[in-house]
Each structure stands twice: as structure tokens, then as C-alpha cells.
Amino acid sequence: MTVRTTCCALAVTAALACLAPASAETVLHIGMTASDIPTTTGMPNNGFEGMRFLGYPVFEGLVLWDLSRSDRLATLRPGLAESYEQMPDDKKTWVFHLRHGVKFHDGTDFNADAVIWNLDRYFRNGSPQFEPPAAGMTRARVPILASYRKIDDNTVAIETKQPASYFPYMAVYILFTSPASFETAGHDWGKVALLPAAGTGPFRITKVVPRESAELARFDGYWDKGHMAKVDKIRLLPIPEANARLAALHSGQVDWIEVPPADGIPSLKAAGFTIVTNSYPHVWPWMFNIGATNSPVKDVRVRQALNYCIDRSGLVTLLNGTAEPSVGWLKPVDAGFGSPLNRYGFDPAKGKALLAAAGYTEQKPLSLKVMISTSGSGQMLPLPMNEYLQENLKQACGVNVEFDVVEWQVLLTAVRQTPDNPALHGAMALNVSSPSSDVGVMARYFSSANFSPNGFNFEQWKDDAFDAALASLAGSSDPKVIEEAYRKAHERLVDNPPWLFIVHDLNPRAMSKKVQGFVSAQSWFLDMTLVSLK
């Protein structure tokens with residue numbers, strides 16, 4: 001009797017085992033700083049946080065970042081192009097040899113026709129697939145692209161406006177969407193965003209609920225078998241308020257959060273959460289509006305003065321050590337920092353003297369408006385940080401600062417405006433965080449050829465010595481020439497500062513112990529395929 005009962009029990013257990021899934025579905029929940037889901041047509045907005053979570057995991061470029069290591073600055077690796085080269089007899093032309101057999105998530109082929117179709121989407125105003133928001137972002141990130149052509153089904157050529165040894169560092173930001181997505185949506189990009197759109201990446205978008213969540217699923221047909229995703233799904237939640245992100249992690253609503261509040265880090269550590277930080281190419285500045293009519297920051301002495309008036313170490317203390325002082329676009333330990341004449345530190349006396357020389361005294365103090373955001377990609381903790389700077393500048397150097405507080409996407413739109421545009425509301429500086437990863441970024445932010453609205457030189461800053469150094473390295477293939485020119489260019493950024501250099505972020509994230517395999521790359525981006533849940 002006992003034997004018969006046991007056999008029946010075993011039979012029931014075996015039957016249930018057959019009906020149950022072999023293993024539970026793994027879903028990674030992430031709390032982003034964005035106030036909305038980044039756009040999902042294949043060129044996400046919301047800055048580099050958009051690229052981090054709804055860009056590279058889903059949509060890829062001819063060139064990709066190598067995000068597998070945390071001990072060095074992220075480098076490039078071949079992406080949808082298995083190889084590429086600058087033509088030896090025409091340094092303005094780059095040839096990209098496409099991978100064979102790559103499929104979009106919808107099963108259609110990635111080939112030269114798809115590349116040209118996407119380039120037309122970004123760079124040809126009259127094309128049926130032209131997408132103005134995506135075009136604006138891509139043109140600003142790749143301002144030197146001049147033309148392109150198909151050579152054969154697996155080869156394309158891209159021509160730049162001038163020789164640019166650093167062009168692959170710009171090509172990495174051109175992402176590719178399946179042309180079939182546009183056809184399925186009836187040639188309506190608004191509908192493409194909700195299909196969802198198909199890319200070629202290790203994850204595919206499966207669900208989008210604006211302002212609530214986006215869901216990604218592992219793409220088992222991914223072309224790179226060495227970078228297959230380990231989790232089944234990723235659910236992205238926009239949580240712009242830092243304390244709300246903290247509460248979501250404590251409650252188990254999410255498994256990790258971007259940018260935990262600095263004063264919440266001790267409680268997270270005490271509760272057993274993992275706090276991850278790492279040096280990476282990130283500057284948190286105020287970008288001066290030099291080009292505006294009657295702008296007080298036209299005078300280089302004012303810009304230098306403000307760089308001497310701020311107490312960066314005090315701000316780092318406020319941030320619980322999750323940042324380090326910034327005294328240039330690069331860090332002093334970086335090989336490209338050079339030997340500028342100015343080594344900024346907290347020196348109110350020097351700051352006041354420079355302000356006085358420019359005509360600003362206790363009787364006639366400097367006053368300026370700064371546009372800041374409530375949150376956003378790379379924006380760290382913008383409200384308390386800017387409040388600290390406001391009080392610091394008033395107390396140290398008598399500078400009056402007024403803030404215009406806007407949403408992150410509004411600020412990103414403002415940084416592409418011309419200096420006197422009404423959308424700036426009279427702001428003489430914008431607090432927009434920036435990458436400092438490579439000379440390609442340096443060129444698009446500071447070259448005088450890239451004045452807004454055509455590029456990211458919002459300040460409309462022009463320095464002849466900087467432009468000469470940039471031209472020297474752009475036209476050279478000699479590493480020594482490139483390195484020396486890079487140093488000279490950076491020295492000009494320090495001595496003739498277009499920005500108020502404030503801090504470099506250390507990229508803090510807080511995670512549940514369940515999150516495994518995460519690599520904090522020295523980059524704004526992540527390799528989400530490395531992450532698993534236990």
C-alpha cells in the first residue's frame with residue numbers, strides 16, 4: 001500500500017514537471033533617471049542614457065564599443081561592419097565591409113541597401129523615411145559626414161567633409177533600424193515607435209508603455225554568438241526623482257538604479273546592496289553662452305574667474321565621494337591633459353581679481369542665468385549640486401546665479417539652439433553633462449566648424465590654436481603627431497575655457513546582490529549581455 005501511494009505521488013510529480021517550464025524566466029528591472037521612456041524608433045532621445053538602454057542593446061552601428069573591461073577607457077570594435085579602412089589615396093573616404101548573414105529582429109536582411117536607407121533617414125531631408133528628431137541628433141554627433149554610396153551588397157563608402165582620423169569614433173553613433181519597420185507602420189515614425197521597431201542587437205523591444213516602462217527580450221537569432229544575452233528580459237522604468245529610485249530599490253520594485261542619491265548610499269550599503277563606481281569619461285560642467293549678445297562670459301577673464309571661484313572638493317564631499325574635481329575637459333592624470341597655464345583650484349582671491357579686471361566688483365556684481373534640468377542622462381543630482389554652486393559662487397566671489405529649471409529633454413533641445421534663441425530664456429550657461437572619451441567628441445563639441453545649431457559647439461567658442469591642433473591630428477596617421485596635437489588642443493580648452501569645469505562623475509549605480517556579471521566599463525554605455533540574475 002505504501003509502495004503504491006509513493007508510486008502515484010512520483011507519477012504526479014513527474015507529470016507536473018513536464019508541464020512546468022524548465023527554469024523561471026529571468027527579468028532584470030532597472031530604474032532609469034529619465035522622466036520618460038527614450039524614443040524607440042532606433043535613435044533614442046534622452047541623451048546617452050537613451051543610447052545606453054534603448055540604443056546599443058537593440059540597434060547597432062557599423063562600429064561598436066568594446067565594453068567588456070573596467071580597467072581601461074572603452075575602445076572600438078567592429079560591429080555591423082566586420083572591417084573598415086580609410087582610403088590611403090583619399091583620406092576623406094572610409095570603406096565599410098559589412099557582415100554577411102546579419103538579420104534584423106523582423107527577419108529581414110541587413111545589407112548595403114539598409115545602410116543607405118538609414119543614412120538617407122538621417123542625412124537626406126527629402127527622403128520618404130526622413131526622421132527630423134533622429135536626424136537632428138545624428139547630424140550633431142556626426143557633423144562631418146558629407147556623402148555616402150553603395151559599392152556592392154556588402155560594401156559602402158562614406159565620405160567626410162575633411163580628413164578625419166577619428167571618424168570611427170563618430171560612426172559608432174549611427175544606428176540602424178529595419179526599413180521593413182517603416183513600411184509596416186505605413187511610413188509613420190510615430191507608429192514605428194509602437195510596433196516596436198526592429199534592430200539587429202542582442203535584445204529586441206517587445207513592449208512600450210510611454211512614461212511607464214519598456215520591455216526588452218533576448219534575441220536568440222543574434223549574429224554575434226559570443227555576445228548572447230544571459231537574461232530573458234529587461235524591464236526599463238523611468239524614475240527621475242532620486243529618492244523615488246532609492247525607494248524602488250529598497251522595496252524590490254527594481255534590481256538596480258542609476259545614480260542613487262548620495263545621502264542614501266550608506267543605507268544601501270547597510271542593507272546589503274552593491275554600490276558600483278568607476279572612473280569614466282564624463283564631465284559635469286556649465287557650458288558658457290559666449291555667442292549671445294552682450295554675454296558677460298564673452299570675456300575670457302570672467303570664464304577663468306568662475307573656474308577659480310568654485311569649491312569642487314566641497315561638492316565632492318556633498319556627493320559622498322561619487323565624483324572627483326574637474327579642472328579641464330580631461331582629467332589631470334590623462335595623457336592628453338597637457339600643461340596648461342591655468343591649474344584651477346578654489347582660489348576666491350584670484351577669481352575676484354579676474355572679475356574686477358573684467359569690470360565686475362562688489363558694487364557691480366556679475367549676475368547670470370543658468371538653465372539646468374531636474375534629472376537626466378549623466379546629470380548626476382542636478383538640483384542639490386546646482387544649489388551648492390549657487391551658494392558657493394555668492395559667498396566666494398559675490399556672483400549672483402539664477403536658475404531656469406526645465407526637463408532634461410528641453411535642456412537637450414536648448415543646447416542645439418543658437419545663442420540668442422528665445423528658447424534659452426536668456427541663459428548665459430547650460431548645465432549639460434558631456435562625454436570626454438575621444439577626439440571625435442572633442443571635435444564635435446569645440447571645433448569652430450560645429451557651431452550650433454549644426455553641431456554641439458553651443459558656446460560658439462572659437463580658438464585658432466585649438467582649431468589648428470585639431471586639424472593637425474585629424475589629417476595625421478602618426479600616433480606621436482596625434483598625441484601632441486591632442487595635448488595642445490586640450491591646453492587651449494583649459495586656458496581659454498568654453499566651460500565652467502566642475503566635476504567628473506564616478507558613475508554610481510546601486511544593485512541588488514542578485515545582479516551578477518555587471519562590468520562598469522569606462523564608458524557612458526554598458527554591455528547588457530554580460531549581466532545575469534541569480
*Do the rings of Tyr486 and Trp329 sit parallel, tilted or perpendicular, given the 30° and 60° boundaries?*
perpendicular
*asked:* Does either side chain, that of Arg52 or that of Asn46, offer a donor lying less than 3.5 Å from an acceptor on the other one?
replied: no
_When you compare the side chains of Ser70 and Asn278, does any donor N or O come within less than 3.5 Å of an acceptor on the partner?_
no
*asked:* Within the supplied structure, the quantity of interest is the number of heavy atoms (other residues, nucleotides, ligands) at a distance under 6.0 Å from Asn294 CG; does it exceed 12?
replied: no
*Determine the sole option in Phe446, Tyr445, Tyr173 for which the ring-ring contact (aromatic ring centres under 6.0 Å, His included) test with Phe456 is passed.*
Tyr445
*Kindly state whether the ring of Tyr308 and the ring of Tyr344 have centres lying under 6.0 angstrom apart.*
yes
*Specify whether Trp256 and Phe53 have parallel, tilted or perpendicular ring planes, treating 30° as the upper limit for parallel and 60° as the lower limit for perpendicular.*
tilted
*May I ask you to check whether over 12 heavy atoms, not counting those of Lys191, lie within 6.0 Å of atom NZ?*
no
*Plane angle bin for Phe525 and Tyr56 - parallel if under 30°, tilted between 30 and 60°, otherwise perpendicular*: perpendicular
*Where Leu175 and Gly61 come nearest, the two heavy atoms and their spacing*: CD2-N, 3.9 Å
*For the pair Arg301 and Asp299, evaluate salt bridge (Lys or Arg N to Asp or Glu O under 4.0 Å) and give the outcome as yes or no after the intermediate values.*
CA-CA 5 Å; Arg301 294 170 296 185; Asp299 192 323; 2.8 Å; yes
*Between Lys488 and Glu491, is there a side-chain N and carboxylate O pair less than 4.0 Å apart?*
no
*Cation-pi between Arg121 and Phe182: NZ/CZ under 6.0 Å from ring centre and within 45° of the ring axis?*
no
*asked:* Do Ser295 and Asn289 pair up side chain to side chain, a donor and an acceptor below 3.5 Å, judged on atom types alone?
replied: no
*Whether over 12 other heavy atoms sit under 6.0 Å from Arg149 CZ*: no
*Shortest non-hydrogen contact from Pro325 to His504?*
O-CD2, 3.5 Å
*For the pair Trp524 and His282, name the ring-plane relationship: parallel under 30°, tilted 30 to 60°, perpendicular over 60°.*
parallel
*asked:* Whether Asp71 and Arg69 form a salt bridge (side-chain N of Lys/Arg under 4.0 Å from carboxylate O of Asp/Glu) is what I want to check.
replied: yes
_Phe96 side, atom CZ; Ile174 side, atom CD1 - distance, nearest 0.5 Å_ = 7.5 Å
*Please determine, by modelled atom types, if Ser147 and Glu159 share a side-chain donor-acceptor pair under 3.5 angstrom.*
yes
*Quick one: do Ser433 and Gln379 satisfy side chain to side chain donor-acceptor pair (under 3.5 Å)? Show the steps, please.*
CA-CA 6 Å; Ser433 54; Gln379 290 297 90; 3.0 Å; yes
*Does a donor on one side chain and an acceptor on the other come within less than 3.5 Å for Ser476 and Asp478?*
no
*Under a 4.5 Å cut-off applied to non-hydrogen side-chain atoms, are Val102 and Leu80 in contact?*
yes
*Side chains of His100 and Glu82: do they bring a donor and an acceptor to under 3.5 Å?*
no
_Polar side chain donor-acceptor pair, Glu258 to Thr33, under 3.5 angstrom_ = no
